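Working notes, beginning with the structure itself.
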Amino acid sequence: MDEAKSFLSEHTVEFSLVLAIKKLLIDQFEFAVPIYPWMGRELGKLSKLIHGGESFRVLAIFPRRPKLTAKFSDGISIKVNYELYEFEEKCREFGIPVIIGCPLVYNLWELGNTPQIVWFNLAGLNEGMINVTGEGAIGIGGDGILDLVQEARVLCFSDFDKFLRYVKKDSYSFYGSTYKPFYFLIK
């Protein structure tokens, strides 16, 4: 096994990322709500009736799975796919920052101990594999994430709805892109 492979799904990684981002944001903002939006639920008629006049910032987050080789000494790598860059370009049009995160774990059980997470601003990365524990892997810290949120455009629900329809419309599949972020709505 010389090729780096993962032992976790992106959904499993999401749980750790949500907890870490929530902890960071809630100290600085009144509300930080993680969502995985469905058009008929979070953006449905009832939700628009309840939340329609509110404004908020959006942070898009892609979980990245830690990838290992048979020699654990090679460190942890992540893969940054071209689809993520296409998505980030669309987010930029709406003023939505996109980050990726990966827990630095070598087994499933380490997720239970509040793992260290490496974060990257997707706008500053190149496509391909990145050794996130090696020399030269420079991510962003909590302050960098908070700066991205502060600089994000303030949206309303109809703007967010337009954004989600836009990214789904231009995807390769009826169900949208293969890679789907989760979001934080922040105010």
Side-chain angles (χ1 to χ4, degrees), residues 1-25 32-37 58-92 96-149 152 163-164 167-168 171-173 175-186:
M1 180 178 108
D2 288 343
E3 181 183 348
K5 298 204 182 279
S6 184
F7 57 94
L8 298 170
S9 75
E10 280 144 349
H11 286 301
T12 299
V13 169
E14 261 178 44
F15 294 116
S16 293
L17 301 186
V18 166
L19 291 173
I21 289 290
K22 175 88 173 179
K23 182 178 180 182
L24 174 70
L25 295 174
V33 180
I35 68 166
Y36 188 85
V58 178
L59 177 65
I61 305 162
F62 280 100
R64 299 285 78 200
R65 299 173 291 153
K67 295 182 183 287
L68 306 171
T69 64
K71 298 183 285 186
F72 290 156
S73 62
D74 291 342
I76 296 172
S77 296
I78 60 171
K79 186 174 183 181
V80 182
N81 311 72
Y82 73 91
E83 294 98 336
L84 301 185
Y85 294 105
E86 291 175 349
F87 186 88
E88 191 274 333
E89 286 177 15
K90 294 172 185 170
C91 285
R92 205 173 320 136
I96 299 172
V98 182
I99 62 173
I100 61 174
C102 175
L104 300 180
V105 297
Y106 290 89
N107 63 61
L108 177 68
W109 305 112
E110 290 178 338
L111 289 174
N113 295 328
T114 314
Q116 180 183 352
I117 296 172
V118 63
W119 302 99
F120 292 93
N121 180 352
L122 189 56
L125 291 181
N126 295 318
E127 182 181 343
M129 295 293 284
I130 299 171
N131 184 327
V132 296
T133 54
E135 298 279 327
I138 300 174
I140 59 172
D143 288 342
I145 294 169
L146 292 172
D147 288 345
L148 288 172
V149 172
F163 162 74
L164 291 171
V167 295
K168 183 179 177 190
S171 69
Y172 305 110
S173 161
Y175 297 104
S177 173
T178 305
Y179 301 100
K180 293 180 174 55
F182 63 94
Y183 300 90
F184 266 87
L185 306 184
I186 305 153

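The basis for the numbers below is simple: all heavy atoms, side chains too, and nothing from hydrogens, waters or symmetry mates. Residues: numbered from 1 along the sequence shown. Since this is a predicted model, take the numbers as computed values, not measurements.
Counting heavy atoms from C-beta outward, Ile78 and Val118 have side chains that stay 4.5 Å or more apart. For the pair Val58/Leu185, a side-chain contact is recorded, criterion being any heavy-atom separation below 4.5 Å from C-beta on. Between Met129 and Lys79 there is a side-chain heavy-atom pair separated by less than 4.5 Å. Counting heavy atoms from C-beta on, the side chains of Pro181 and Val98 never come closer than 4.5 Å. Between Pro34 and Ile21, the closest side-chain pair of non-hydrogen atoms is not below 4.5 Å. With contacts defined as side-chain heavy-atom distances shorter than 4.5 Å, the pair Phe15/Pro63 does not qualify. Contact annotation: the side chain of Pro66 approaches that of Leu8 to within less than 4.5 Å [non-hydrogen atoms, C-beta and beyond]. Residues Asp147 and Ile140 fail the side-chain proximity criterion, which asks for heavy atoms closer than 4.5 Å.
Rounded to the nearest 0.5 angstrom, Glu86 CD and Tyr82 OH are separated by 6.0 Å. Taking CD of Glu14 as the start and CD1 of Ile61 as the end, the distance is 9.5 Å to the nearest 0.5 Å. Of the inter-residue distances, the one linking Lys22 atom NZ with Leu17 atom CG reads 15.0 Å to the nearest 0.5 angstrom.
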Original post:
Yes or no on side-chain contact (heavy atoms from CB on, under 4.5 Å) for Cys102 and Phe120, after CA distance, side-chain angles and deciding distance?
Top reply: CA-CA 9 Å; Cys102 175; Phe120 292 93; over 6 Å; no

**OP:** Report the C-alpha separation of Leu25 and Leu146 in whole Å, then their side-chain angles, then the decisive distance to 0.1 Å, and conclude whether the side-chain contact (heavy atoms from CB on, under 4.5 Å) test is met.
**Re:** CA-CA 7 Å; Leu25 295 174; Leu146 292 172; 3.9 Å; yes

Subject >> Residues Thr114, Lys23; criterion side-chain contact (heavy atoms from CB on, under 4.5 Å); working and verdict >> reply: CA-CA 11 Å; Thr114 314; Lys23 182 178 180 182; 5.8 Å; no

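Pairing each heavy atom of Ala20 with each of Trp119, the nearest pair is CB-CZ2, 4.0 Å. Nearest heavy atoms, Ile117 versus Pro103: CG1-CA, 4.0 Å. Nearest heavy atom pair, residue Leu122 against residue Tyr85, reads O-CE2, 3.7 Å. Contact detail for Leu111 and Ser16: the closest heavy-atom pair is CD2-OG, 3.4 Å. Asn121 approaches Ile99 most closely through the heavy-atom pair CA-CG2, 4.3 Å. The minimum heavy-atom distance linking Phe184 with Val18 is given by the pair CZ-O, 3.7 Å.
Looking at Asn107, its side chain does come within 3.5 Å of a backbone N or O of Glu110 through a donor-acceptor pair. In this structure, the side chain of Arg65 does not engage the main chain of Phe7 through any donor-acceptor pair within 3.5 Å.
Under the 30°/60° scheme for interplanar angles, the aromatic rings of Phe62 and Phe87 are found to stand perpendicular.
Other residues, nucleotides and ligands contribute more than 12 heavy atoms inside 6.0 Å of the CD atom of Glu89.
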